[in-house]
Amino acid sequence: MSPFRPCTHLVDLPSPEPAPLTATCPHCDRLGQRSVALRLCLHCGFVGCCESTPGYWSAEHHRSTGHAVIRSFESGESWRWCFVDRRLV
């Protein structure tokens, strides 16, 4: 995708942004792992860890649902990422 074209997946996002379904990654909690660098799915509110953890549950959520856009769920961060376009949006 050209860096000059907007991400077309942004139009699929609900407004307002969905509330987080959990405060941390439920998969990491269930496995007894520490959640690292949490991400919020902007389509449904799923909270998952990033690819710095063994499960990389945010990416797995994208693969299983097709939900394309996440944002950082870390304090002081607001960047968003599109898995499909593989870039910040």
Handout entry: From OG1 (Thr65) to CD (Glu60), nearest 0.5 Å
Key = 9.5 Å
Exercise for the section: Report the relative orientation of the aromatic rings in His27 and Phe46; use parallel for angles under 30°, tilted for 30 to 60°, perpendicular for over 60°. Expected result: tilted
Problem - Atom pair CH2 (Trp57) and SG (Cys50), whose distance is rounded to the nearest 0.5 Å - result: 13.5 Å
Practice task
Please tell me if the side chains of Cys49 and Tyr56 come closer than 4.5 Å, counting only heavy atoms from C-beta onward.
Solution key: no
Practice task
Provide the closest heavy-atom pair for Pro26 versus Val47 in the form atom of the first, atom of the second, distance.
Solution key: CD-O, 3.3 Å
Problem - Student check: side-chain heavy atoms of Leu13 and His43 closer than 4.5 Å - result: yes
Practice task
Considering non-hydrogen atoms only, spot the tightest contact between Pro14 and Pro18 and give its length.
Solution key: CG-CD, 3.9 Å
Exercise for the section: Could you check His61, His62, His9 and say which one makes a ring pair (Phe, Tyr, Trp, His ring centres under 6.0 Å) with His67? Expected result: His61
Practice task
Would you mind reporting whether Cys7 and Arg87 have side-chain heavy atoms less than 4.5 Å apart?
Solution key: yes
Handout entry: side-chain contact (heavy atoms from CB on, under 4.5 Å) assessment of Thr24 paired with Asp29
Key = CA-CA 8 Å; Thr24 188; Asp29 286 348; 2.8 Å; yes
Handout entry: Contact summary for Val84 and Ala68, nearest pair of heavy atoms
Key = CG2-CB, 3.8 Å
Problem - Minimum heavy-atom distance Thr22-Phe73, with the two atoms named - result: O-CE2, 4.2 Å
Practice task
List the steps and the verdict of side-chain contact (heavy atoms from CB on, under 4.5 Å) for Leu42 and Glu17.
Solution key: CA-CA 6 Å; Leu42 293 179; Glu17 181 179 288; 3.3 Å; yes
Practice task
Decide yes or no on side-chain contact (heavy atoms from CB on, under 4.5 Å) for Val89 and Leu10, but give the supporting numbers first.
Solution key: CA-CA 8 Å; Val89 293; Leu10 296 176; 3.8 Å; yes
Handout entry: Backbone N/O of Ser78 and side chain of Ser72: donor-acceptor pair under 3.5 Å
Key = no
Handout entry: Glu74 (side chain) donor-acceptor with Leu38 (main chain) under 3.5 angstrom
Key = yes
Problem - Beyond-backbone contact of Ile70 with Phe83, side-chain heavy atoms, under 4.5 angstrom - result: yes
